[in-house]
Structures are given as structure tokens and as C-alpha cells.
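Both backbone and side-chain heavy atoms feed into the values below; hydrogens, waters and symmetry mates do not.
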Amino acid sequence: MELTEKDRLYIAHTYHRYPIIVDHGKGAIVYDVQGKGYLDFTSGIGVNLFGHSDPGWKQVVMNQLNKITHVSNLYYSETVIQAAEQLVLKSGCKKVFFANSGAESNEGAIKAARKYSHDRYGEGRDQILTLTHSFHGRTITTLAACAQDVFHRHYMPFTPGFQYVNTNDTEDLSAKVNDHICAILLEVVQGEGGVLALEPTFLSQIQQLCDAKDILLIIDEVQTGIGRCGSLFAYERYGLHPDIVTCAKALGGGLPIGAVLLFDKVSDVFQAGDHGTTFGGNPLACAGAAYVLSQCNENLYQSVRAKGAYLKKRLNECKALHSVTGLGLMVGASLTAANARQVVEACLKQGLLILTAKDRLRFLPPLNIRIDQLDHGLATLFKVLNHW
């Protein structure tokens with residue numbers, strides 16, 4: 001029986017897979033089981049920030065694999081402390097809670113915000129504002145936080161306590177901020193929503209309201225964080241000062257890990273027994289995270305900003321594309337005529353992996369991708385688009 005047939009037989013079909021069986025990878029290239037190479041502009045949906053089989057990352061992970069892979073949070077673990085220290089020193093947060101994914105990190109952030117408000121103000125101040133087109137995960141609670149109707153089907157009842165604000169609408173924001181709001185949860189660049197960067201004036205108003213009313217600002221950096229947008233976190237490029245930041249995806253460099261970064265106001269909101277997870281803070285995943293964070297510096301960020309600007313410039317030159325958006329090496333583009341999934345499928349046949357975001361194309365190449373590789377991928381894309 002072929003692998004694809006076994007996949008259909010044994011795995012729940014929650015994804016529409018593309019017709020490629022990935023076998024191995026090196027840098028920005030992945031290879032299928034027949035040995036065909038594909039230039040990867042997806043990074044595993046923003047996970048493999050240094051590409052595939054990065055030598056430094058691989059060595060650190062192998063070293064930890066030879067020591068211990070799991071022990072439990074009942075004991076101290078060196079790599080967990082190392083990863084937390086790096087996050088604190090590089091972000092300015094005070095404490096870190098480790099989870100296993102972006103959705104779990106956002107769950108932790110929601111719990112921290114509600115506990116902070118309950119501890120300080122009592123009951124009745126538990127509502128959280130999120131933005132239209134947002135995406136924060138696929139648990140029952142994080143789906144409720146997603147202000148998109150497409151996610152509010154099948155699994156009713158969803159967790160209550162969320163209200164939705166029209167993105168970049170300052171009047172709607174002001175109208176919905178009241179004494180029942182404990183937090184505002186947002187993505188600086190809405191990834192699944194179409195790679196849409198929020199307007200600076202809108203973000204500024206959110207910050208002002210949060211400061212004035214002791215509303216916690218939670219920034220979801222699951223896709224935008226860890227260098228993807230040209231700084232450790234995307235919010236830094238807008239002068240924001242959040243109370244809670246969530247991250248995942250690229251944090252582990254290929255291993256599953258998420259984190260909740262707790263800043264001054266909420267640094268001690270969690271006490272023993274308030275929250276937990278069996279695999280969160282796994283020593284192996286944290287070894288990968290500690291290495292990834294050690295490589296995040298201004299030289300990397302400058303390179304990402306330069307390559308991101310180059311990518312957007314080249315995409316803007318293509319008549320088949322318009323409305324090129326994004327930040328750093330997180331870029332989206334609308335199609336003049338073609339269907340996004342059809343373009344992705346056609347590019348796959350030509351040896352290029354790209355993503356969709358709703359009806360748009362999405363590009364998340366490795367942060368260390370070379371300019372000649374960007375050029376090669378763009379040449380492939382433009383050749384495909386010439387057929388529409």
C-alpha cells in the first residue's frame with residue numbers, strides 16, 4: 001500500500017494535503033521521496049526559521065537527546081532555564097510560562113489576563129476584545145477568540161467572554177471599551193487573516209486605552225515572532241509595550257514549543273497550581289529554543305528587513321499581483337485573476353512551495369534564505385502566473 005493511501009486510511013483528514021511526500025531537507029530546500037528538490041517559501045508555516053537541518057541547531061538538539069528528553073515540571077531543568085533566561089533578557093519580560101503550541105500559549109495568556117483582573121477588581125471584568133480577521137488557535141476558547149465566522153461552526157457552545165472590534169476602526173474600538181473589558185488580544189500582522197499589518201494609529205489608540213483603563217494588552221506573536229518581521233517581536237517595530245506576549249512556531253526551530261511572556265503587571269499572576277502542562281518546558285524542545293534565541297540578534301533582524309523589502313519590491317513588479325502586504329519576511333499578495341490554491345499547486349509542480357492566506361498568496365521563507373534563492377523562487381512564481 002502506498003504512503004498516500006495509508007495516510008487516507010489511518011489519519012483524520014483535517015488538512016487538504018498537496019501531492020508531495022517530503023523525505024528530507026537542507027537549508028531552504030526540501031526533497032521528496034523520489035529525490036526531487038523544492039525551494040521552500042513556507043518554513044513549515046513559519047517554524048523552520050533557519051531552514052532545514054541547520055547544523056548548529058541539530059547539534060544542540062542531538063546533545064540534549066543524548067542526555068534526557070523529558071523529566072516533568074516537578075524538577076529543575078537546565079535547558080528550560082536557559083530558554084526562559086534568553087526570552088527574558090531579549091524581550092524585557094519578567095517571567096515565562098512554557099506551553100506546547102501557539103493555541104496553548106494563547107489559552108495561557110487569556111487565563112493570566114482574567115486572573116489578573118479578578119485578583120485586582122473582582123468579578124464582572126472578564127471580557128476580552130479581539131479583532132476581525134484574527135486567528136488565535138483551534139481550541140474551543142481560542143476559536144471563540146477568532147473574530148471570523150468561518151471558525152464559529154460545528155463546536156457550539158464556544159467559550160463566552162469575547163467581543164469583536166472591526167480591525168483598524170478607531171470608532172468601533174472606542175465604543176466597545178467599557179468597564180467589563182480586562183484585555184485586548186491582537187496580532188500586529190494578521191497572518192491567517194491575509195497577512196494584513198494593523199495601522200499604526202489604530203495600534204497607538206489601543207495602547208493609550210489600555211494604559212488609561214488598566215486593560216491588559218496581549219499580543220499574539222505566534223507567527224510574527226522570533227525574528228520573522230525584522231525584530232525579535234513585531235510589536236517592537238510599532239513602539240508598543242504589551243503586558244503579555246505569546247509565541248510558538250519558530251521558537252523551537254522545528255520542535256513543538258510555545259511560550260507566554262509575562263511583563264511587569266502580570267509577572268506574578270500565576271502561583272503554584274494555577275496553570276500547568278505535562279509537556280510544556282520539555283528539555284529537548286527548550287534546548288532547540290535556547291539555540292534559536294541565541295542566534296537572534298540585530299544582524300539577523302537587519303538582514304530580514306532588507307530581504308523582506310526586496311521580496312515586496314519584486315512582488316510589486318508583477319502585474320498578476322497587487323496589494324502586497326506584510327512585515328519583514330512575512331509577506332502576502334493578492335492575485336489579479338488566478339485562484340490562490342491553483343497557483344500554489346502549479347508552483348509545487350515547478351519545484352516551489354508557497355502558502356495561501358484566505359484568497360491570497362503567503363510567503364514565509366527561512367530567515368537565512370539567500371537572495372539568489374529568493375530570485376529563483378520568484379522566477380518560478382512569475383512563470384506560473386504568466387499562464388493566468
Heavy-atom count check: over 12 atoms from other residues, nucleotides or ligands less than 6.0 Å from [X] [atom1]?
{"X": "Asn386", "atom1": "CG", "answer": "yes"}
{"X": "Lys26", "atom1": "NZ", "answer": "yes"}
{"X": "Asp179", "atom1": "CG", "answer": "no"}
{"X": "Lys349", "atom1": "NZ", "answer": "no"}
{"X": "Tyr18", "atom1": "OH", "answer": "yes"}
{"X": "Glu5", "atom1": "CD", "answer": "yes"}

Sorted by chain and residue number, the side chain to side chain contact (heavy atoms under 4.5 Å, CB included) partners of Glu85 (sequence neighbours excluded) come out as Leu89
Could you walk me through whether Val80 and Phe98 pass the side-chain contact (heavy atoms from CB on, under 4.5 Å) test, one step at a time? CA-CA 9 Å; Val80 180; Phe98 285 114; 3.9 Å; yes
Do side-chain atoms of [X] reach the backbone of [Y] as a donor and acceptor pair under 3.5 angstrom?
{"X": "Thr325", "Y": "Val195", "result": "yes"}
{"X": "His24", "Y": "Val22", "result": "no"}
{"X": "Lys94", "Y": "Asp264", "result": "no"}

With heavy-atom distances below 4.5 Å as the criterion, would you say the side chains of [X] and [Y] are in contact?
{"X": "Ile128", "Y": "Ile184", "answer": "no"}
{"X": "Cys146", "Y": "Arg138", "answer": "no"}
{"X": "Asp220", "Y": "Val188", "answer": "no"}
{"X": "Gln350", "Y": "Val384", "answer": "yes"}
{"X": "Glu221", "Y": "Ile219", "answer": "yes"}
{"X": "Leu364", "Y": "Arg228", "answer": "yes"}
{"X": "Pro55", "Y": "Trp57", "answer": "no"}
{"X": "Leu381", "Y": "His376", "answer": "no"}

Donor-acceptor side-chain pairing of [X] and [Y] below 3.5 angstrom:
{"X": "Glu104", "Y": "Ser101", "value": "yes"}
{"X": "Gln82", "Y": "Glu78", "value": "yes"}
{"X": "Lys213", "Y": "Gln208", "value": "no"}
{"X": "Ser134", "Y": "Gln148", "value": "no"}
{"X": "Ser204", "Y": "Thr201", "value": "no"}
{"X": "Ser231", "Y": "Arg237", "value": "no"}
{"X": "Lys111", "Y": "His275", "value": "yes"}
{"X": "Gln223", "Y": "Arg362", "value": "yes"}
{"X": "Asp126", "Y": "His180", "value": "no"}
{"X": "Ser105", "Y": "Thr246", "value": "no"}

Residue pairs meeting salt bridge (Lys or Arg N to Asp or Glu O under 4.0 Å), one or both in residues 330-346, sequence neighbours left out, come to Arg341-Glu345
Salt bridge (Lys or Arg N to Asp or Glu O under 4.0 Å) pairs touching residues 299-313, sequence neighbours excluded, are Glu298-Arg305, Lys313-Glu317
Rounded to the nearest 0.5 Å, the CG atom of Leu378 sits from the CG atom of Leu311 at a distance of 5.5 Å
Only distances under 3.5 Å count here; give the side-chain donor-acceptor pairs of residues 280-294 to other protein atoms, sequence neighbours excluded, each with its distance to 0.1 Å.
{"unit_1": "Asn282", "atom_1": "OD1", "unit_2": "Leu284", "atom_2": "N", "d": "2.9"}
{"unit_1": "Asn282", "atom_1": "OD1", "unit_2": "Ala285", "atom_2": "N", "d": "3.0"}
{"unit_1": "Asn282", "atom_1": "ND2", "unit_2": "Thr69", "atom_2": "O", "d": "2.8"}
{"unit_1": "Tyr291", "atom_1": "OH", "unit_2": "Asp54", "atom_2": "OD2", "d": "3.1"}
{"unit_1": "Ser294", "atom_1": "OG", "unit_2": "Tyr291", "atom_2": "O", "d": "2.5"}

_Check this for me, if you would: do Asp214 and Lys265 make a salt bridge, where the nitrogen-to-carboxylate-oxygen distance has to be below 4.0 angstrom?_
yes
Output yes when Asp375 and Arg314 qualify as a salt bridge under the 4.0 Å nitrogen-oxygen rule, no when they do not.
yes
For residues 116-143, the ring pair (Phe, Tyr, Trp, His ring centres under 6.0 Å) pairs (sequence neighbours left out) are Phe135-Phe151
Here the ring pair (Phe, Tyr, Trp, His ring centres under 6.0 Å) pairs for residues 62-82, sequence neighbours left out, are His70-Phe279
Quiz item: Does Phe162 have Arg114 sitting over its ring (NZ/CZ under 6.0 Å from centre, angle to axis within 45°)?
Solution: yes
Q. Taking the six-membered ring for Trp, are Tyr164 and His152 ring centroids under 6.0 Å apart?
A. yes
Do you reckon Ile218 sits in the same ILVMFWY cluster as Leu203, going by side-chain contacts under 4.5 Å, direct or chained?
no
Tightest non-hydrogen contact, residues Thr336 and Leu321, listed as OG1-N, 3.7 Å
